[in-house]
**Q** 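Here it is, the structure in full.
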Amino acid sequence: MSIKITARSTDKPHEIAVDLLVVGVWAPSSPAKKSAKGALATLDAAMGGALSKVLEREEFAGKAEQQVAVHTAGRIAASKIVVLGLGSKDASDAAHLRTFAARAGRAANAERATSAVIVLPEGFESKLRPLAEGVELGAYRFTRHFTGDRKPKAELAEVVFASEHKFAADAKKQIEQGQGVGRGVNMARDLSNEPPNVIFPKSIADLATHEGKKHGFKVTVFDDKEIEKRGMLLLHAVGRGSSHGPRLVHMSYVPSGKAKKRLVFVGKGITFDSGGLSIKPAQGMGEMKHDMSGAANMVGLMVAVAAVKPDVEVHAIMACAENMPDGNAYRPGDIWGSLDGKTVEIINTDAEGRLVLADALTYAAGLEPDLLVDNATLTGACVVALGMTWSAFYVTNEDTRAKFASALKESGEQMWHMPLVDEYKDQLKSDCADLKHTGERWGGSITAGLFLREFIGKTKNWVHCDIAGPSAADRPSGWNVKGATGHGVLTFLSLIERSAK
Ligand code: BES
Ligand code: MN
Ligand code: ZN
């Protein structure tokens with residue numbers, strides 16, 4: 001179901017009949033102070049002083065991690081109030097606003113609310129897009145496979161942004177775009193959360209085709225035979241061990257006016273990574289259903305692009321295969337050709353991501369992009385380096401780094417710049433082929449990036465994102481809920497929108 005979000009100028013948010021009223025409060029806050037002004041004071045008065053009493057008892061000071069819920073017992077029109085700490089006032093960028101709205105969305109789910117008023121702190125009324133994104137992202141749940149009692153009975157259906165100030169003339173458009181973007185990210189989350197018996201190369205290709213028809217972008221799919229015929233032999237090799245053949249999916253959006261730039265994105269789409277013959281340990285193997293998060297991001301990105309309609313040509317490519325052990329599976333010791341022409345000696349079949357990406361990058365380079373960006377749940381080494389909530393990005397030049405960094409500043413996503421250390425290239429020398437596909441254990445995320453760089457052809461501006469850590473979360477934080485996050489989509493979108501300027 002979808003959420004209806006509206007904006008309403010009012011100084012009486014407590015008169016709106018909803019299940020839940022959410023109000024944000026900056027730190028430091030002392031709720032008991034009689035001189036207190038603003039929304040909190042208005043609410044407290046309507047509550048006959050009961051709100052400040054509870055806040056005082058809970059030692060609420062407006063800190064960013066603080067959250068207090070209060071039953072209203074009929075004293076105001078809403079059934080419940082949730083007060084969210086906003087932290088200190090200097091932090092109020094898009095990420096902060098998105099997080100605030102997402103916390104409201106998560107609170108609404110926790111309170112089984114179908115309707116909510118979010119009382120906006122002063123200044124927030126002019127930034128409705130990140131707020132609308134946040135509502136969609138925070139209220140997200142993956143419930144498709146629950147039945148009976150496990151199926152949530154209440155779903156958030158209506159949200160009112162309330163402010164005592166006037167909203168901008170384009171408030172409605174901002175909300176629409178924000179919801180469109182949020183739905184794009186949620187699309188990526190859905191695909192990544194789906195189990196590997198539901199999402200495999202053909203089914204994700206079919207879903208992309210379906211979304212393309214719905215949102216008006218073009219989708220071309222190469223099947224197993226076409227992949228082999230075109231010489232994408234690395235992608236083909238990885239797919240050999242599975243009864244589900246590989247797919248290369250090319251989605252494209254062309255603006256109605258003249259395109260200012262052409263941006264091409266590539267995502268790793270390993271719909272399940274068992275490791276292949278170099279099989280992974282049983283413990284945690286199920287998490288490898290998320291190994292297509294990079295590809296899922298591509299569909300999510302296209303859905304978001306369709307919502308914001310930038311003056312930029314956008315291509316998103318998914319390299320999809322299932323990495324399985326089988327009599328026909330590719331083996332350590334094999335040598336395979338590639339679309340680029342280089343031959344590759346296989347060392348470990350669990351380093352499959354860089355192989356499918358290599359062919360997809362060469363294909364993408366053929367589109368002559370102004371900027372080429374890939375994203376992949378590529379290495380455990382990257383998770384060791386940066387932990388679960390930061391991803392790494394690598395670039396071919398300083399100008400591209402600066403562009404990507406400003407997109408990151410806007411999106412608020414946590415990505416850290418890492419170096420493509422040329423010195424380590426020696427590790428990819430093979431005795432019997434042009435390249436071997438893995439290096440030493442140390443610096444494993446860097447050598448994976450160096451391997452990929454061999455396949456970008458004449459492309460000057462390239463960004464590689466290793467999203468192995470934050471593609472899925474083990475707990476809610478920021479605008480994420482537990483499970484798939486869609487990490488990357490917001491930054492890529494910001495990059496696209498900046499290129500349109
Ligand atoms: N999909 C994994 C990387 C991964 C690890 C993603 C943890 C998310 C969480 C990738 O295909 C892989 O198995 N990489 C190997 C490479 C190694 C064999 C060189 C790894 O990181 O261990
Ligand atoms: Mn692997
Ligand atoms: Zn993998």
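We count ligands from 1, going down the list as the structure has it; atoms in each ligand are counted the same way.
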**Q** Could you tell me how the ring of Phe451 sits relative to the ring of His437: parallel (under 30°), tilted (30 to 60°) or perpendicular (over 60°)?
**A** perpendicular
**Q** Tell me whether Lys342 is salt-bridged to Asp340, with the criterion being a basic N under 4.0 Å from an acidic carboxylate O.
**A** yes
**Q** If you draw the axis of the six-membered ring of Phe142, does the NZ or CZ of Arg189 fall within 45° of it and under 6.0 Å from the ring centre?
**A** no
**Q** Are any of the side-chain nitrogens in Asp334 or Arg331 under 4.0 Å away from the carboxylate oxygens of its partner?
**A** yes
**Q** So that I can tick it off, tell me whether Lys501 and Glu497 are bridged by a salt bridge, with the cut-off set at under 4.0 angstrom between side-chain N and carboxylate O.
**A** no
**Q** Taking 2.8 Å as the limit, list every protein N, O or S atom around the Mn ion (ligand 2), by chain and residue number.
**A** Asp273 OD2, Asp350 O, Asp350 OD1, Glu352 OE1
**Q** Over 60° means perpendicular and under 30° means parallel, so tell me whether His244 and Phe200 are parallel, tilted or perpendicular.
**A** parallel
**Q** State the CG-CG distance between Leu263 and Leu367, to the nearest 0.5 angstrom.
**A** 11.5 Å
**Q** Would you list the pairs meeting side chain to side chain donor-acceptor pair (under 3.5 Å) in which at least one residue belongs to residues 291-304, sequence neighbours left out?
**A** Ser192-Ser293, Lys268-Asp291, Asp291-Thr377, Asn297-Asn375
**Q** Testing Gln177, Arg98, Gln179 one by one against Glu133 for a side-chain hydrogen bond (donor to acceptor under 3.5 Å, both in side chains), which residue passes?
**A** Arg98
**Q** Check this for me: does any side-chain nitrogen of one of Asp350 and Lys280 sit under 4.0 Å from a carboxylate oxygen of the other?
**A** yes
**Q** side-chain contact (heavy atoms from CB on, under 4.5 Å) with His487: which of Ser471, Ser391, Ser411, Cys465?
**A** Ser391
**Q** Would you please write out the protein residues whose heavy atoms approach any atom of ligand 1 to under 4.0 angstrom, listed by chain and number?
**A** Lys268, Asp273, Lys280, Met288, Asp291, Asn348, Asp350, Glu352, Arg354, Thr377, Leu378, Thr379, Gly380, Thr438, Ala468
**Q** Please lay out, stage by stage, how Tyr253 and His215 fare under the test side-chain hydrogen bond (donor to acceptor under 3.5 Å, both in side chains).
**A** CA-CA 10 Å; Tyr253 159 86; His215 297 279; over 6 Å; no
**Q** Does the side chain of Trp462 come under 3.5 Å of the side chain of Asn397 through a donor N or O and an acceptor N or O?
**A** no
**Q** Suppose the cut-off is 2.8 Å; which protein N/O/S atoms would you list for the Zn ion (ligand 3)?
**A** Lys268 NZ, Asp273 OD2, Asp291 OD2, Glu352 OE2
